[in-house]
There are 2 protein chains.
Amino acid sequence: MKRPTIADVARAAQVSPASVSRFLNGVEGNLAPATADRIARVIQDLGYRPNAWARSLKTQRSGLVAAVVADLSNAYVPAVLEGVETTINKAGLSLLVGNARNDPRQEDRLIERLIDQRVEGLLLQPCSIHVSPVLASVLEQQIPVVLLDRILEGAESPLNLVALDNAAALQQANDHLLGQGYRQLLYVTEPTREASSRREREAAVIENRKRWYAAEIFTYRDKRSTSLVRKIMQMRSTAIEEPLAILCSNSKTALFVVRSLSEAGVQVPQDIGLMTIDDPEWAAYVFGGITAIGQPTVELGRQGAQSLLAQMSRGTEVRPRQVRLGGILKARQSTSR
Amino acid sequence: MKRPTIADVARAAQVSPASVSRFLNGVEGNLAPATADRIARVIQDLGYRPNAWARSLKTQRSGLVAAVVADLSNAYVPAVLEGVETTINKAGLSLLVGNARNDPRQEDRLIERLIDQRVEGLLLQPCSIHVSPVLASVLEQQIPVVLLDRILEGAESPLNLVALDNAAALQQANDHLLGQGYRQLLYVTEPTREASSRREREAAVIENRKRWYAAEIFTYRDKRSTSLVRKIMQMRSTAIEEPLAILCSNSKTALFVVRSLSEAGVQVPQDIGLMTIDDPEWAAYVFGGITAIGQPTVELGRQGAQSLLAQMSRGTEVRPRQVRLGGILKARQSTSR
DNA sequence: TTGAAAGCGCTAACAG
DNA sequence: CTGTTAGCGCTTTCAA
């Protein structure tokens, strides 16, 4: 039971394949209503569906767009993908998804495979900070690319980007915490080497350093919480008990900190203030509510996809657009003194 | 700057396209080492990559697999997709993702589009309970399908499935709560009409009904928490104050309940017990820890994908496999009296 | 071990 | 308004 081809339809409807094709594509030189009807009926009867491969081969369009993300297990990512998927589908295209699992080699492999599938565009949340040879060749082939969430260094020309305005978000966070009367800051982050967003956030923390009595950065590499707790104890033991707040670089970090504090029995906000960049669904319910800077995740995906679609239709020639979206401060219990 | 074709390679290497094709596919009738080397070099130089469309047209294989999910915004779903994606990629295939947003019409549209892309298999978490005409035609075409998380009624033969053993999970939950001394149960669920998993869970609750002093079911349809709170108050006002526990049908429900309880100032576990099916990352940190039945989400995706791959290679003829995975009880503060 | 040639299913000139 | 024809880039007999 092979699927019917355009030729089968043509034969059954007593017309040429060309006419069927015209019908399918709603082409200019309109068909006689009678012919069209006949074709329509046959298509219906046979359950004919055009073969995307053959069409692609001819038209050089696949109807496929790819999204390669750094880590699907970070809730931020599926939220962004939601915006991407919706937009891509509205445009009549289909979305291929690749999860690099924070491994640049895996990322390369995925990109290569997806390009081989002849995707018409690539949305990328890179898990490395520089342009890999594979990505370079993608760019060279003029395949539209839009970066999500993270920038890339060493591209010949800056790539299209949609991301959080990290500098502004951290400014907001610092303002809020200082405004609440905190005088010491402990910024907790995952290693910052490979993700530009983390770098930008950390840079902003450093920039705001002088505003604090003390501001330190804690980078966590494993799940163990002991050294973080030790760090906290150390900062809290200042002679003049300056109030201390923890700021988390993202929701994954926040989860780690929440776990650490819970295990150590540290009270929030009594003993310590807590705030995070990124506002996961649970933030409002832990410790009576954790103050957060929410990201417009779905919107970010939407805009990324739109930017890609624009490039796909207008060509890669358009000058690159760097969109920076603002975060939204949600003040909650965890930073109220 | 068009991409080089097999003909370009053939010309540059002074061989026939057929030989290049042989080289590419590592075919039996081995090439002379010298020829192979020459071809290899040219491919390298030209940066040649085979055209998937042309290959598909000829081989009738696309290298594409699709996953259509009910709702990407439920954290359970991306977790399952993670397992799916990994497995599919390991098999050298690419994954197309569609998000039906709980809309059966959208689901149909997605399936149709993906089938038009000639995917070789479909993983489906249906957002309806019965086989739509579109899906029926997919099955009729012998395209391998595996259901994730939810079953479908009215299929001619039962479809392959990987899902939680809902009956067992709810048995476990009931046992645990009764063991903790609770005597009244309030089961909170989203509307159960369209998702078989919800139906199964609700059915299990009903089955366990006699074990309770009172067991009621609360279906929430909107975000407003007032009627839930009223219900709770009503159940708590029994003459002989039988201890009450809430059981949530999944993590989305749990989030709703947590919000409602927080807003109403109900204390957990002092005033009421709380438990949920599905163990989201935040469960351990809200109300000092919410007791949950964890689902093997990633594993579920992995097994679903494997089941699909099996069907794809051995043909749809294989007898359908219904895999039911067990949940894992995580006892926490919220149900300790 | 290699090449020639046919064709997968479709579209897009070009005629008519 | 409609049909004929020539490929899109690849694989795969069949011959050499």
Side-chain angles (χ1 to χ4, degrees), chain A residues 1-43 46-64 92 113 115-120 141, chain B residues 1-40 42-43 46-64 113 115-120 141:
Chain A
M1 50 177 304
K2 280 180 74 293
R3 297 174 63 157
T5 74
I6 209 171
D8 297 327
V9 175
R11 203 170 314 115
Q14 322 230 54
V15 294
S16 75
S19 292
V20 180
S21 173
R22 281 181 195 112
F23 174 83
L24 255 28
N25 300 298
V27 139
E28 313 287 303
N30 250 322
L31 298 168
T35 330
D37 279 2
R38 200 140 29 89
I39 297 177
R41 185 134 7 104
V42 173
I43 287 181
L46 267 52
Y48 167 80
R49 304 250 69 198
N51 182 321
W53 304 329
R55 181 176 279 179
S56 293
L57 197 53
K58 193 66 195 179
T59 61
Q60 307 285 23
R61 298 206 42 191
S62 63
L64 262 28
R113 177 172 299 159
I115 294 302
D116 283 355
Q117 288 289 355
R118 295 295 207 267
V119 296
E120 297 182 38
Q141 287 170 58
Chain B
M1 47 179 308
K2 281 178 73 297
R3 294 174 66 157
T5 75
I6 207 172
D8 297 328
V9 175
R11 203 169 318 117
Q14 323 230 54
V15 294
S16 76
S19 293
V20 179
S21 173
R22 281 180 195 114
F23 174 83
L24 254 28
N25 299 300
V27 139
E28 312 288 300
N30 249 323
L31 298 168
T35 329
D37 281 1
R38 200 138 32 89
I39 297 178
V42 173
I43 287 182
L46 267 51
Y48 168 82
R49 307 248 67 197
N51 183 323
W53 304 329
R55 178 176 284 178
S56 293
L57 196 54
K58 196 69 196 176
T59 60
Q60 306 285 28
R61 297 206 43 191
S62 64
L64 260 27
R113 177 171 300 158
I115 295 302
D116 283 356
Q117 289 287 354
R118 296 292 205 271
V119 296
E120 297 181 38
Q141 288 170 56

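The chains referred to below are lettered A, B, ... by the order of the sequence lines, with proteins before strands, and numbering in each begins at 1. This is a predicted model, so every value here is computed, not measured.
Checking dT11(C), dC1(D), dC10(D) against every side-chain atom of Pro50(B), the shortest atom distance belongs to dC10(D). The side chain of Arg22(A) has dC14(C) as its nearest neighbour among dC10(C), dC14(C), dT11(D). Looking at the side chain of Ala54(A), the nearest of the listed nucleotides dA12(C), dC10(D), dG9(C) is dG9(C). When the nucleotides dG9(C), dT4(D), dG9(D) are ranked by their closest atom to the side chain of Ser16(A), dT4(D) comes out on top. Taking the side chain of Lys58(B) as heavy atoms from C-beta on, and the options dT1(C), dT12(D), dC10(C), the nearest nucleotide is dT12(D). Minimum atom distance to the side chain of Ser19(B) is reached by dG3(C), of the listed dG3(C), dC8(C), dC8(D). Residue Ser21(A) places its side chain closer to dT11(C) than to any other of dT2(C), dT11(C), dC10(C).
The distance between atom CG of Leu57(B) and atom P of dT11(C), rounded to the nearest whole Å, is 12 Å. Rounded to a whole Å, the CZ atom of Arg118(A) is 9 Å from the C1' atom of dG9(D). Straight-line distance from the CD1 atom of Ile6(B) to the C1' atom of dC8(D): 14 Å, rounded to whole Å. Look at CD on Gln60(A): it is 15 Å from P on dG7(D), rounded to the nearest Å. Across the protein-nucleic acid pair, Trp53(B) atom CH2 and dC10(C) atom C1' stand 13 Å apart, rounded to whole Å.
Comparing Arg38(B) and Ala52(A) by the nucleotide of DNA chain C whose heavy atom lies nearest to each, the residue mapping closer to the 5' end is Arg38(B).
Residues Val42(A) and Val20(A) are not in side-chain contact: their nearest non-hydrogen atoms beyond the backbone lie 4.5 Å or more apart.
Contact annotation: Thr35(B) reaches the phosphate of dT2(C) (side-chain N/O to OP1 or OP2, under 4.0 Å). Side-chain N/O atoms of Asn25(A) include one lying less than 4.0 angstrom from OP1 or OP2 on dT11(C).
Classification of Arg11(A) and Asp8(A) as a salt-bridged pair holds, one side-chain N sitting under 4.0 Å from a carboxylate O.
Side-chain contact annotation: Arg38(A) with Gln14(A), donor-acceptor N/O pair under 3.5 Å absent.
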